[in-house]
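See structure below.
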2 protein chains.
Amino acid sequence: MIIRVVNETVEMTSSNKQTQTDKLAAEIGDAILSGVLAPGTRLDEHRLAEQYAVSRTPVREAIRSLAATGLVELRPRRSAVVAEITPAQLEIMFVAMGELEATCARLSAMSMTPIERRRLQSQHERMGALVESDDVAGFIEANLIFHALIYAGSHNSILADMAVGLRRRLGPYRRAQFRSPGRLPRSHAEHERIMQAIVSGDAAAAHAAMLNHVSLVEDTFIGLTATRAA
Amino acid sequence: MIIRVVNETVEMTSSNKQTQTDKLAAEIGDAILSGVLAPGTRLDEHRLAEQYAVSRTPVREAIRSLAATGLVELRPRRSAVVAEITPAQLEIMFVAMGELEATCARLSAMSMTPIERRRLQSQHERMGALVESDDVAGFIEANLIFHALIYAGSHNSILADMAVGLRRRLGPYRRAQFRSPGRLPRSHAEHERIMQAIVSGDAAAAHAAMLNHVSLVEDTFIGLTATRAA
DNA sequence: AAATCAAAAACTGCATGCAATACTGCTGCA
DNA sequence: TGCAGCAGTATTGCATGCAGTTTTTGATTT
């Protein structure tokens, strides 16, 4: 079973067969997603070049790549900056990710192979044990696989990639989702409905269940920020 | 009412306030989408630089931008090439576009303002006249607006941009869709159902109607290629 | 003390050059 | 005649330098 959630950082250690530009794009992108480079930070080409011990050329090219993914904003003749995400945009991104996940669930219900259905069921059961033992870290990791299985089950790499990209992009804003008390069993119950619908081939139910699931995650997120802001 | 289907080519004539790189990315991208640069064509940096009378640097950066959109494929240490699209990928892209359009229709049914609903209805009625007069060119143009209204009505720029991008990307493969005999009135009838569902706020029906609509377009496409291949 | 303006510093956009890698065609051998 | 190895060429990846624009800073004025 091969599941690759993060696809840019493959071969991060081995430096051969990859251009400086690609490595820089991956590193700077990770720095942004991990919060090392905060939104609004100016990406000074000189500084970055010095920091990574390369010239400005690959830095410029890497920044342009990141701009296309939306991670940084390009302003002609002025410094590129790490893209700011307004609450309104965040809301839109969460909705979009929810819709994409729901669509993947729908397609999975329609076109998963029997083996894929069994894998999903098996993964869900494995997560049941993690809920029992209240293993939050394990559940988070297994949750990624659960969702990745549904992306893959859609048999549509375009939609799957879009969903993965958005999930990755929203990562920094979802970290605390499973810390809310009682979230683990609730999440597992929602997964139960999603899994059942997919395995039984009920496309509409899979769509609805997934939409409901991710909407609740979003609620959790919004609740947390509201608390933080207060 | 402002609808911008193509957003890269804004200010193509006026050369100020836009970097060479941006202009090049737009021009080369258009060349690819219009078929001037066929899939598989090698993008020689020297040749392109000479052709557009700039140095290799902006050409390289433009190519990297296009690579991020999927229009060209980057192979380290070897020439970038115009991305080839296999029939399997094309199928996936059509499915993805259909799902995105259907999702936008669903969201439109839920969240369009009364004014937006009226605009959609009005646009649909206008297209009725074009069907009567069998104005294919006019219908094609109006069809773009009809769909753009639904993208915008989703009130989700991420999903809308994804749909627009895919539609643009698939453009070269959909050209002949309205030439099939009887396609105009049939398309209009499908639009009728989509419009009715959205205006009346029936999200599920809007989703289903749009999915059906774009699937039929895809059938038309596949039929044409099969004919061509035979 | 705050605001304004000008000069300087900093930074981006682009051109060019060099080194390293990939490709092409040729020659020699089976 | 066909294939393998090799030299030459073409082409990419990256560094560096310069010009033009933006930003910053400091002085001057109100």
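Residue numbers begin at 1 in each chain, while the letters A, B, ... track the order of the sequences.
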What pairs of nitrogen or oxygen atoms, one from the protein and one from nucleotides 15-18 of chain D, lie under 3.5 Å apart?
from, atom 1, to, atom 2, distance (Å)
D:dA15, OP1, A:S55, N, 3.3
D:dA15, OP2, A:S55, N, 2.5
D:dA15, OP2, A:S55, OG, 2.4
D:dA15, O5', A:S55, OG, 3.3
D:dA15, N7, A:T57, OG1, 2.9
D:dT16, O4, A:T57, OG1, 3.2

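Rounded to whole angstrom, the span from the CZ atom of A:R75 across to the P atom of C:dC11 amounts to 13 Å. In this structure, B:Y52 places its OH atom 18 Å from C1' of C:dC14, rounding to the nearest Å. Protein atom CD of A:E45 is 11 Å distant from nucleotide atom P of C:dC14, rounded to whole Å. A:E61 has its CD atom 8 Å from the C1' atom of D:dC14, to the nearest Å. Computed from coordinates, the B:H46 NE2 to D:dT11 C1' distance equals 6 Å when rounded to whole Å. The CG atom of B:D22 sits 13 Å away from the C1' atom of C:dT12 (whole-angstrom rounding). Between B:R78 atom CZ and D:dT12 atom P the separation is 12 Å, expressed in whole Å. Rounding to whole angstrom units, CZ of residue A:R64 and C1' of C:dG13 are separated by 10 Å.
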Query raised in the report: Would A:R64 and B:D22 satisfy side chain to side chain contact (heavy atoms under 4.5 Å, CB included), going step by step from the backbone distance to the final call?
Result: CA-CA 10 Å; A:R64 189 153 277 276; B:D22 292 328; 3.3 Å; yes

Query - Protein-to-nucleotide contact annotation, 5' to 3' order, nucleotides 5-10 of chain D [B base; S sugar-phosphate only; - none; under 4.0 Å, heavy atom] - result: ------

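In the displayed structure, B:Q51 atom CD is contacted under 6.0 Å by more than 12 heavy atoms of other residues, nucleotides or ligands.
As judged by a 4.0 angstrom heavy-atom cut-off over every strand, A:L43 is placed among residues touching the sugar-phosphate backbone only. At a threshold of 4.0 angstrom between heavy atoms, the contacts of B:L74 with the nucleic acid are absent.
Between the side chains of B:Y52 and B:Q20, no donor N or O sits under 3.5 Å from an acceptor N or O.
The phosphate of D:dG13 (OP1 or OP2) has a side-chain N or O of B:R60 nearer than 4.0 angstrom. Between B:T19 and C:dT12 there is no side-chain N or O to OP1 or OP2 distance below 4.0 Å. Applying the 4.0 Å criterion to OP1 and OP2 of D:dC14, one finds that A:T21 has a side-chain N or O inside that range.
Closest approach to the A:S79 side chain among D:dT12, C:dC11, D:dT22 is made by C:dC11 (side chain taken as heavy atoms from C-beta onward).
Using a distance-only test at 3.5 Å, with no hydrogens or angles considered, no donor-acceptor pair links the side chain of B:R60 to the main chain of B:E45. Formation of a donor-acceptor pair under 3.5 Å by the B:T41 side chain with backbone atoms of B:L37 is not found in this model.
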Can you list, pair by pair, the side-chain donor-acceptor contacts under 3.5 Å of residues 78-90 of chain B, counting residues two or more places apart and other chains?
from, atom 1, to, atom 2, distance (Å)
B:S79, OG, B:R42, NH2, 3.1
B:T86, OG1, B:Q89, N, 3.1
B:Q89, OE1, B:T86, N, 3.3

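In this structure, CG in B:L71 is found 12.0 Å from CD1 in B:I63, a value given to the nearest 0.5 Å.
Checked options A:R118, A:R126, A:R119; the residue passing with A:S122 is A:R126 (criterion: side-chain hydrogen bond (donor to acceptor under 3.5 Å, both in side chains)).
Note: B:H191 and B:H213 have perpendicular aromatic rings, judged against thresholds of 30 and 60 degrees for the angle between ring planes.
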